[in-house]
Amino acid sequence: MKFLLLVLMLTSCSASPQDLSGKMFTFPQKTNSAYARPTTTVRELSAITVCHRTFTDLKRDHGLFSMSTSSNPNAFLVFWHSAAEEMEVTVMDKPLKLAGLDYKLNMWHSICTTWDSTSGLLQLWFDGRPLARKYSTSGRSIQGPLIIVLGQEQDSHGGNFDINQSFLGMMSDVHMWDYTLSACEIHKYMDNLNFTPGNVLNWRALEFQIFNRVLVEKEEMTCH
């Protein structure tokens, strides 16, 4: 497989949106300094849907999606707790644990998470299957400059990474919307059908920075 982009101990920045269709971020090393940082100009979110596909062999805790503001280090966090076999979703520093996921190693998983500030309801979809809706937090929106990080979990606004919570593996098709997707739209995403791309983050037109040892490669597919 040819490496399309390899950054070693350097910072790389996309000057304009890049179409990453058919590509993936690869995080090949345990470190607290390597990550991808998609950028957005959005400064307020009263509802969220985040979708991504991940592939890992990690048997420890790790972050999958980390968004912070200056007032909320965990403004929106999707985090896997290995020992408890639970996905923890945090909204404005208020965590909520979700159980019953068949999070197998060394295979692709499609994950979508939705939250709405009006109802406060949060729901996670895993490989096409919805989990029970749960109340998270309501009555206010996420505000301020947003820093989004893939590959690390932010304990402060844009930093303070813990090497033991870093992500190793591959990640692809990262999209984010400022509204909750319908069940039909989520199924379209999960099934790789024609879906409406994210209007906050769009994998097909993504502006991002890469820090240290992260690669952009052609998505790994099984050959029959």
Side-chain angles (χ1 to χ4, degrees), residues 1 3-12 14 20 23-40 48 50-68 73-91 95-98 101-113 124-127 146-176 189 198 201 203 206 208-220:
M1 180 185 295
F3 294 158
L4 301 177
L5 175 65
L6 174 61
V7 180
L8 298 176
M9 308 309 294
L10 294 171
T11 300
S12 175
S14 63
L20 296 181
K23 300 176 185 178
M24 63 186 182
F25 288 144
T26 297
F27 305 88
Q29 185 180 26
K30 183 180 180 180
T31 172
N32 64 352
S33 62
Y35 60 99
R37 181 172 160 178
T39 57
T40 178
I48 293 175
V50 172
C51 292
H52 42 86
R53 307 188 206 280
T54 59
F55 187 111
T56 185
D57 66 351
L58 286 175
K59 295 182 179 180
R60 59 166 172 80
D61 297 353
H62 54 274
L64 295 171
F65 184 92
S66 175
M67 183 177 75
S68 73
N74 292 321
F76 196 85
L77 171 68
V78 182
F79 187 90
W80 174 249
H81 282 281
S82 181
E85 296 186 346
E86 294 176 332
M87 197 71 78
E88 181 178 279
V89 180
T90 302
V91 181
L96 188 65
K97 293 184 178 180
L98 306 167
L101 285 75
D102 190 14
Y103 193 51
K104 293 180 179 177
L105 305 182
N106 290 315
M107 66 178 295
W108 283 103
H109 294 292
S110 297
I111 302 168
C112 289
T113 312
L124 188 138
W125 291 68
F126 186 82
D127 290 342
L146 307 177
I147 294 181
I148 298 169
V149 168
L150 307 175
Q152 302 287 342
E153 189 269 316
Q154 302 174 76
D155 285 328
S156 64
H157 192 37
N160 198 18
F161 304 137
D162 182 344
I163 192 171
N164 293 312
Q165 296 178 343
S166 61
F167 176 79
L168 275 76
M170 294 91 81
M171 188 173 298
S172 184
D173 293 330
V174 180
H175 289 265
M176 183 175 181
Y189 172 87
L201 297 179
W203 192 251
L206 192 69
F208 62 94
Q209 292 176 284
I210 280 179
F211 296 84
N212 296 321
R213 198 182 301 271
V214 179
L215 300 85
V216 178
E217 304 180 276
K218 290 183 179 179
E219 190 170 341
E220 187 173 277

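Note that the structure is predicted; figures quoted are calculated from it, not measured.
- Among pairs with a residue in residues 82-91, those fulfilling side-chain hydrogen bond (donor to acceptor under 3.5 Å, both in side chains) read H81-E88, at least two apart in sequence or across chains.
- Using a 4.5 Å cut-off on side-chain heavy atoms (C-beta onward), K30 and I163 make contact.
- Considering only heavy atoms from C-beta on, D173 stays 4.5 Å or farther from M24 through its side chain.
- Contact check for E153 versus D61: no side-chain heavy atoms found under the 4.5 Å cut-off.
- A heavy-atom distance below 4.5 Å is found between the side chains of L201 and L206.
- Between F167 and L150, every side-chain heavy-atom pair lies at or beyond the 4.5 Å cut-off.
- In terms of heavy atoms, R53 sits closest to W108 at O-CZ3, 3.5 Å.
- Judged purely by atom type and a 3.5 angstrom limit, H109 uses its side chain to pair as donor or acceptor with the backbone of K104.
- Residues T54 and H52 come closest through the heavy atom pair CG2-ND1, 3.7 Å.
- A donor-acceptor pair is defined here as one N or O able to donate and one able to accept, closer than 3.5 Å; no such pair exists between the side chain of S166 and the backbone of Q152.
- A donor-acceptor pair is defined here as one N or O able to donate and one able to accept, closer than 3.5 Å; no such pair exists between the side chain of Q29 and the backbone of A34.
- Across all their heavy atoms, V214 and I210 have their closest contact at CB-CG2, 3.7 Å.
- With a 4.5 Å cut-off on side-chain heavy atoms, M176 and T40 do not count as touching.
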Step by step, would you call F208 with W203 a ring-ring contact (aromatic ring centres under 6.0 Å, His included)? CA-CA 10 Å; F208 62 94; W203 192 251; 7.7 Å; no
Would you please test T31 and N212 for side-chain contact (heavy atoms from CB on, under 4.5 Å) and show each step? CA-CA 10 Å; T31 172; N212 296 321; 6.0 Å; no
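- Heavy atoms only, all atoms of each residue included: S68 and G158 are closest at OG-N, 3.6 Å.
- The only option from M171, R213, H62 that meets the side-chain contact (heavy atoms from CB on, under 4.5 Å) definition with F27 turns out to be M171.
- By the ring-ring contact (aromatic ring centres under 6.0 Å, His included) test, H175 is found to be paired with W177, F195, residues two or more places apart in sequence or in another chain being considered.
- The shortest distance between side-chain heavy atoms of I111 and M87 falls below 4.5 Å.
- Formation of a donor-acceptor pair under 3.5 Å by the S66 side chain with backbone atoms of Q154 is found in this model.
- Counting only heavy atoms from C-beta outward, the side chains of V216 and L20 approach each other to under 4.5 Å.
- Across every non-hydrogen atom of F65 and V174, the tightest pair is CE1-CG1, 4.5 Å.
- A donor-acceptor pair under 3.5 Å is formed between the side chain of D127 and the backbone N or O of S110.
- Shortest non-hydrogen contact noted between I148 and R37 is O-CG, 3.2 Å.
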